[in-house]
There are 2 protein chains.
Amino acid sequence: MLPCVSEASWDRSGCSVAGTLAVVGEKWSLLVLREAFLGVRRFADLQRTLGAPKAVLSDRLATLVEQGVLTRVPYQAEGERQRHEYRLTPKGRDLYPTLVALMQWGDRYLADGGVAPLELRHGDCGAPVTLQLVCAEGHRLTGPREVHPVPRSTAASAG
Amino acid sequence: MLPCVSEASWDRSGCSVAGTLAVVGEKWSLLVLREAFLGVRRFADLQRTLGAPKAVLSDRLATLVEQGVLTRVPYQAEGERQRHEYRLTPKGRDLYPTLVALMQWGDRYLADGGVAPLELRHGDCGAPVTLQLVCAEGHRLTGPREVHPVPRSTAASAG
DNA sequence: CACGATTGGTTCGTCAAGTGAACCCAGCAG
DNA sequence: CTGCTGGGTTCACTTGACGAACCAATCGTG
């Protein structure tokens, strides 16, 4: 049995998972971010690579900008009119592990023919990159069984 | 600038991120899994802790079972009628990093008063647990800038 | 056996969200 | 002025989420 928090009787409001999903959990949002991490920045390119309806894409970009995950920056290539592009902010860049986690699971369980469509390599040494759970003491954990969730809710002392 | 794959001209169909989101990307799915990792297993408890409509919860549980992320196992406590509960499969347990990634981002950017509502500790040593990007050579990476995505699409040799 | 309580759902009407096609505007080329 | 392209908005339609009501199986009680 997994270590559980007294059969899960703590306050779920303010849960970080729910909060994050409120920001990037709508349809297409995480796929927009995938494209952003791949270097796609312009509306038309996003629309083409994603295949999302323009109205939805427009809305998702607006909320991601509003949330500070992307910024909309105008730029002008020489001899061309001014355009603008969507770029990851540091806040948005910190969603990288989330995308990688989703990708790794899909690579393991959904890959056709056992071959992942995209590999991540360390830019310096070229070795494949993975996400891992580690503790501050440097121990590597293999899964949720080795993890102890500890609630620190402000008002839950009377739990 | 992030390292990008020739301005992102590879085949997105079969993308593992999209595939994973097709399995767990609907509303409530990842929150159901959060509860599962916290040890909540019964329909009524899920419904209470999540606050999701029963119809939606029922549908999400059915698809998660269908996808092999959860199993529906009957059990009978002594002196009680038979019930059934939803348990994580190994496939479901491997979604743990995804949940942790979402939680860590929320802890960093959404926590009221800078205090995360839930802390993860290593069961053995009690030290806080985090998700980290590491390469096979053991180097720790700090973000997407140090990662090189390499497409391995079967039909994309003519990219 | 009938009665009510509990678990674990389904059904239904309503409202929000996603979808695709069409349209719109600015700026540049000719 | 016309046409083309990027970056959207508007609209009609379909799908999905929501909450309340209802339903079936099972148990303890009388």
Side-chain angles (χ1 to χ4, degrees), chain A residues 7-9 12-13 17-18 21-36 39-67 70-87, chain B residues 7-9 12-13 17-18 21-36 39-67 70-87:
Chain A
E7 287 305 328
S9 57
R12 248 65 149 200
S13 69
V17 176
L21 287 173
V23 176
V24 297
E26 285 175 302
K27 208 170 180 181
W28 299 108
S29 294
L30 284 165
L31 294 174
V32 167
L33 292 174
R34 176 195 68 185
E35 296 304 313
V40 179
R41 299 195 229 280
R42 298 222 304 256
F43 188 94
D45 294 336
L46 288 167
Q47 212 259 309
R48 192 164 36 251
T49 58
L50 291 172
K54 291 169 123 190
V56 177
L57 181 55
S58 182
D59 181 84
R60 289 312 104 90
L61 288 168
T63 58
L64 289 172
V65 168
E66 196 180 327
Q67 296 290 334
L70 298 176
T71 36
R72 188 165 166 225
V73 299
Y75 80 104
Q76 190 153 18
E78 42 187 328
E80 289 195 4
R81 61 191 273 203
Q82 177 179 316
R83 305 168 190 283
H84 43 258
E85 56 182 20
Y86 296 90
R87 290 173 158 273
Chain B
E7 286 305 328
S9 56
R12 249 64 150 200
S13 70
V17 176
L21 288 173
V23 175
V24 297
E26 285 176 301
K27 207 170 179 182
W28 298 108
S29 294
L30 284 165
L31 295 175
V32 167
L33 293 174
R34 176 195 68 185
E35 295 303 312
V40 179
R41 298 195 229 279
R42 298 220 306 256
F43 188 94
D45 293 336
L46 288 166
Q47 213 258 309
R48 192 164 38 251
T49 58
L50 291 171
K54 290 170 121 190
V56 176
L57 181 55
S58 181
D59 182 83
R60 289 312 104 92
L61 288 168
T63 58
L64 289 172
V65 168
E66 196 181 327
Q67 295 290 334
L70 298 177
T71 36
R72 189 167 166 222
V73 298
Y75 80 105
Q76 189 154 19
E78 40 188 331
E80 289 195 4
R81 62 191 271 204
Q82 177 179 316
R83 305 168 191 281
H84 44 256
E85 56 183 20
Y86 296 90
R87 290 174 158 273

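Below, read A as the first sequence line, B as the second, and so on, with proteins coming before strands; counting in each chain starts at 1. As the structure is a computational prediction, the values presented were derived from the model and not from experiment.
Taking atom CD on B/Q47 and atom P on D/dC18, their separation rounds to 11 Å, with Å as the unit. Regarding B/R42, its CZ atom lies at a distance of 13 Å from the P atom of C/dT6, rounded to whole Å. In this structure, A/L31 atom CG and C/dT19 atom C1' are separated by 16 Å, rounded to whole Å. When the C1' atom of D/dG19 is taken as reference, atom CG of B/L50 falls 16 Å away, rounded to whole Å. Per the geometry, CZ belonging to B/F43 stands 17 Å off P belonging to D/dA25, to the nearest Å. Here C/dG8 presents its C1' atom at 11 Å from CG of B/L46, a figure rounded to the nearest Å.
Listed pair B/Y86 / C/dG9 meets the phosphate criterion, a side-chain N or O lying under 4.0 Å from OP1 or OP2. Phosphate contact (OP1/OP2 of C/dT19, side-chain N/O of A/W28, threshold under 4.0 Å): present. For the OP1/OP2 pair of C/dT6 and a distance below 4.0 Å, the side-chain nitrogens and oxygens of B/R48 include no atom meeting the criterion.
Here the side chain of B/Q47 pairs a donor or acceptor atom with the backbone of B/A52 at under 3.5 angstrom.
Helix-axis bend for the helix from C/dC1-D/dG30 to C/dG30-D/dC1: the local axis fitted to the five terminal pairs at one end deviates from that at the other end by 10°, rounded to 10°.
With rounding to the nearest 0.5 angstrom, the CG atom of A/L30 is 8.0 Å from the CG atom of A/L21. Taken to the nearest 0.5 Å, the CD atom of B/E85 stands 10.5 Å off from the CG atom of B/L46.
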For residues 56-66 of chain A, please give each side-chain donor-acceptor pair under 3.5 Å, one per line with the distance, not counting sequence neighbours.
from  : atom 1 : to    : atom 2 : distance (Å)
A/R60 : NH1    : A/K27 : O      : 3.0
A/T63 : OG1    : A/D59 : O      : 3.4
A/T63 : OG1    : A/R60 : O      : 3.0

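Take B/R48 and apply the salt bridge (charged side-chain N to carboxylate O under 4.0 Å, His left out) test, not counting sequence neighbours, and it matches B/D45. With sequence neighbours excluded, no residue forms a salt bridge (charged side-chain N to carboxylate O under 4.0 Å, His left out) with A/R34.
Screening B/T49, B/L31, B/L50 for a side-chain contact (heavy atoms from CB on, under 4.5 Å) involving A/R12 leaves a single residue, B/T49.
Near DNA chain C, meaning a heavy atom under 4.0 Å from it, residues 51-61 of chain B has B/K54, B/A55, B/S58 in order of number.
Of the two residues near DNA chain C, A/K27 and B/H84, the one whose nearest nucleotide lies more 5' is B/H84.
Annotation: side chain of B/L70 is in contact with side chain of B/L33 (closest heavy-atom distance under 4.5 Å). With contacts defined as side-chain heavy-atom distances shorter than 4.5 Å, the pair A/Y86/A/R41 does not qualify.
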Within the sub-3.5 Å range, which N or O atoms of nucleotides 3-5 of chain D have a protein N or O partner, and how far apart are they?
from  : atom 1 : to    : atom 2 : distance (Å)
D/dT5 : O2     : A/R81 : NH1    : 3.3

* To do: List the steps, then state whether side-chain contact (heavy atoms from CB on, under 4.5 Å) holds for A/F43 with A/H84.
  => CA-CA 9 Å; A/F43 188 94; A/H84 43 258; over 6 Å; no

